[in-house]
Amino acid sequence: MLQSPINTYTNNPSSSSSSSMSSKRSLVEEDPVITKRPRNFSEGEEQEVVRVDDADSIGLRLLGLLLQCAECVATENLGEAGNLLPEIAELSSPYGSSAERVAAYFAEALSARIISCHLRFYSPLNLKSLTLTHSQKLFTALQSYNTISPLIKFSHYTANQAIYQALEGEDHVHVIDLDIMQGLQWPGLFQILTSRPKKLHSFKITGIGSSMELLESTGRRLTEFANSFGLPFEFKPVEGKIGNITDLSQLGVKVGETTVVNWMHHCLYDITGSDLGTFRLLTLLRPKLITTVEQDLGHGGNFLGRFVEALHYYSALFDALGDGLSEESVERHMVEQQLFGSEIRNIVAVGGPKRTGEVPVERWGDELKRVGFLPVSLSGTPAAQASLLLGMFPRGYTLVEENGCLKLGWKDLSLLTASAWQPCD
Amino acid sequence: MEKSLFFSNSKHTNKYFLENKDVHHFHAHHHIHLINMQNPNQKPHHENSSRSQSPKYEEPVSDAKWAPRLLRECATAISNMDSTKIHHLLWMLNELASPYGDCNQKLAFYFLQALFCKATDTGLRCYKTLTSAAEKSKSFDSSRKLILKFQEVSPWTTFGHVASNGAILEALDGETKLHIIDISNTFCTQWPTLLEALATRNDETPHLKLTVVVTESISVKSVMKEVAQRMEKFARLMGVPFEFNVISGLNHLNELTKESLNIQEEEALAVNCIGALRKVEVEERGGVIRMLKSLNPKVVTIVEHEADFSSTRNDFVKCFEECLRFYTLYFEMLDESFPTTSNERLVIERECSKSIVKVLACDNEIGEGDGERRERGNQWSERLRECFSPFPLNDDAVDDVKALIKRYKAGWSLVLPQENQEPPGIYLTWGEEPVVWASAWKPHEKSLDVAT
C-alpha cells in the first residue's frame, strides 16, 4: 500500500543469532576506543527488576545489539534492524542504569530512523509547529539541566567572562545571540557588567530564535532583569534562521557600537539553516569578539561513524548525570528525555539537525580561522572560573586547555569546547 | 548569583506562524525525496499552505490531544489507501512520538507502530518479534513484582478479584469440598484473600482444590511451579486443606472437559474467568461458554475490559477508533497511577503495544496465539445468556468492592446495575468511563439445548 520500497523482509528468526553476535564482537575488538567504553556501560546500579545477567554483561549486550542494529540500518537492511529493536528495548529502560538509559534513547532513535527510511523522508518537523507546551517543556528541562550539571554554566560563564574582558573600554555594546532560547546566559553578564567602574552608555542584545512569541517573552524577562541592575538595556528579537540573514540592518547593527557574537551549539534543532549563509554573516559582521561553545561531536561522515561517536558521547553524558542522582529522579529523567533524547534522535534518526544539502561544518572554530579570525585565549580568568565551577559538581568532570580553548569533559571524553575569536586586523 | 528566567505562562492561541519564503524554499528543497506529492490543500483552514509545494501541515500540533487526532487521520488514510496522506501522517507521527514522553507521545509511538505494520503488511512478524523479545526478559520475580505493583497503585485488576471472590464465596457457602477452576493469568494473586475468608468464615473450613488453566505460552509453566509452592505454603498457614493443579499446553479452551479438569461429583464447582474470554477466537466463544456450562458449575465469574474490538473487526477505522479510545484511557490511567520513573508501568505499556499490533495489524491471522478481541459487558451478557442467568452480587461483596476502591487515588468509582437494565454485573469506572466489567453467572435451571 505504501509507495516506498519495502526492503528485504527475510525470514530471520527473531532472536539475534549467535553468528551475528560474533561478527559484532570483532568490530568491538578492532576499535580500541570502543573496547574502553564498556566500563562506562558497567556503571550500573542495582536494578529494580531482577535480571539473570549482571549490569556489566547487560551493558555489553546492549552495546553489541545497538551496533549490530546500526550496521543493519547503515546497510539498509531494515528488516533485520527492526527485528533487533524489541530485544534492545526489553533490555533497556529510561529508568535504569546509565547503560540501560542510553540504550533506550538510541533504540528509540533507531526505530524512528527505520520508519523514516521506509518513508524516504528525513526532514525534521519545524519546531514552530510544535505546541507552546512542548517548547515550555524543553525550556523547563534546560533549567533543570542547568542545575544538575555544569555544562550550561560552563558555557555561559566562560563566554560571559571572555565578553566582559573584550568589552573593556567600550561604552556602546551590542551582543548578538545567534540562538537565544530563553536567554539564560545573560543575567550573569548583566551582573558582571554592573561591577564595572565605567558605566555603559548603551547595551543591546539581539536574540535570534525560531518563534517570535518565545523571543518576545525572553525579551520581556531580560529587560526586567536589566532594569533591576540599572543597565541601559534594549532587546531586539529576530525570528528565523541565522543563515538567512543577509543584511546587517536585520540585526539592528549600528555604527559606533561594539558588536559581540555569541553562539551556544546544540543538536536540539537547526538554527543555522545554511552554514554558508552563517559564515557570510559572520564575515560581514566582523564583530569584536565571537564566543562559541561547541559539542565535541561530529556532524559529518557516514551514518555508522556518527552513530558510534554519538553513542560514546552520550554514554559519557548519561554517566555524568547518573553519578549525582538516583534512578528515580524525575528531574533527571526529564532532562534526558526532553534534551538528550531529542538530540540523539536528531543525530540518529535524521542525520544531524542540519539538512541543507551542504556538507556540515565539523568545527566552527577551525572554519573561523579560515575566514579571518584568530583565537582569543581563554586561559586566565575564564579557565580559573571554570575550574571553580567544576569543583561544585560531582568529581569526574575534567577541564583541559588546548590552544587557548577550554574543553570540558567527563573522565576521558571531551564534551564541550569553548572558544573565543577576534578578527585578525 | 544568576537568577533563572522563568517562562511566562501566556495563554497559547492557535496562531499560525507566518512562513517567510526562505523557509518555504528550505522545505521545498527537501521534498525531492518524496514520491507522488500532490498539492494537498485538503484542510480548508490552512492559512498559508497555498504557496507551499509540500504537504507541510501548518496546522500546528497545538491541541492537547494531537496524538489521537493524527492517529485517527492516519487510520482513515490507510483505509482509503491514500498513499500521500499515509506517508505524511506517518512522518509527522514519527517525528512527534516517543515511548518515554507524555501520554500523547506514548500513544503516538505505539499506535504508529501498529499503523506502520498495517501499511506495510508486517503485523504478524512484528507481533512475533515483540512477543519473543518479551519472553526472554520475563522471570517469575519480575512478573510477580509487576502484578503486585499494579495492584498497589490501581484497582484495575483487584476490582475483578474482589467482586469474583464475593460471588464465589456466596455461591459455595456451606459446601465442604470446593473446586475452583481459574482461567486467568494473574499468578494466583486473587486467591490469598479468598483462602483467608474460607479459613475465618465458618467453623468448618472447607477443602479447596484450585485448578489453574494457563492459556499463555509455555514459558509460563516454570513460573507456575513457583506459584504452586507459594499457594500451598499460604494455604498451610491459613489452615485450609488445599490441592493445587495446573493445566497448560491447551490450544483451545473448548477442549476442556470434566475429566481433563478432574472435576469430581461431590465437588462444588466455581469457574473464574479473568480476561480469559477475550483471548478466545471470536468464532469459538459460543463453544467455550457451552463448555463452561457442561462442567456444571455453581457459579461462573467473568471479568473483562469494557471495550469492543470484536464487532468492528471488519471495519478498520471503527476498530481503530475503539482501540484508540480504550488504550488512551488505559495509558492515561497508568500515567496517573504509577510514579513517573516506573519500570513496571513501562513493561505494562510494552505489553499493550503487542495487543495493539495484534488487533490492528494482524487481522488475517487467526488462531495464531492470543487474540485480544475484547467485547463489552452487554455483548458478553448476550452470549452468556444462552446457558447462564445472572448471579447478582450480594451486599457484602458490593461493600467489599466499594471499600477497595476507596483505598486508591481519586478518579475511580463503582457503577451498579440498574433494575432490569442490561447488562448485569458491576462496572469499575475511571474518570466517569466504564473500564472493567465484573459479573457472576449461574447455569439456567433447565438445561437448554442449543438449537441454532
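All chains are named by letter (A, B, ...) in the order of the sequence lines, taking the proteins before the strands, and each is independently numbered beginning at 1.
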Under 6.0 Å between ring centres, would you say that holds for B:Tyr100 and A:His333?
no
On a heavy-atom basis, which atom in B:Phe109 and which in A:Ser111 lie closest, and how many Å separate them?
CE1-OG, 3.9 Å
Do B:Pro339 and A:Glu328 have side chains that approach each other closer than 4.5 Å (heavy atoms only, starting at C-beta)?
no
What distance separates B:Thr341 OG1 from A:Gln337 CD, expressed to the nearest 0.5 Å?
12.5 Å
Side chain from CB out, backbone as N, CA, C, O: work out which of these in B:Arg345 comes under 4.5 Å of a heavy atom of chain A, or both, or neither.
side chain
Side chains of B:His88 and A:Leu119: closer than 4.5 Å at any heavy-atom pair?
no
Do B:Thr129 and A:Glu87 make a side-chain contact, defined as non-hydrogen atoms from C-beta onward lying under 4.5 Å apart?
no
Salt-bridge criterion met for A:Glu90 and B:Lys136 (N-O under 4.0 Å)
no
A:Ala89 backbone acceptor or donor facing B:Arg350 side chain under 3.5 Å
yes
Separation between NZ of B:Lys128 and CG of A:Asn83, rounded to the nearest 0.5 Å
11.5 Å
Which atoms of B:Ser98 approach chain A - backbone, side chain, both or neither, heavy atom under 4.5 Å
both
Smallest separation among heavy atoms of A:Arg345 and B:Glu95, with atom names:
NH1-O, 3.4 Å
Could you tell me whether the side chain of B:Leu346 reaches within less than 4.5 Å of the side chain of A:Pro94, counting heavy atoms only?
yes
State whether the side chain of B:Asn94 and the backbone N or O of A:Ile115 hold a donor-acceptor pair below 3.5 Å, judged by distance alone.
no
Between B:Arg125 and A:Gly79, the two heavy atoms sitting closest are NH2-O, 3.4 Å
Between B:Leu146 and chain A, with a heavy-atom cut-off of 4.5 Å, which part of the residue counts as in contact: side chain, backbone, both or neither?
neither
Which portion of A:Thr147 sits near chain B, non-hydrogen atoms under 4.5 angstrom:
neither
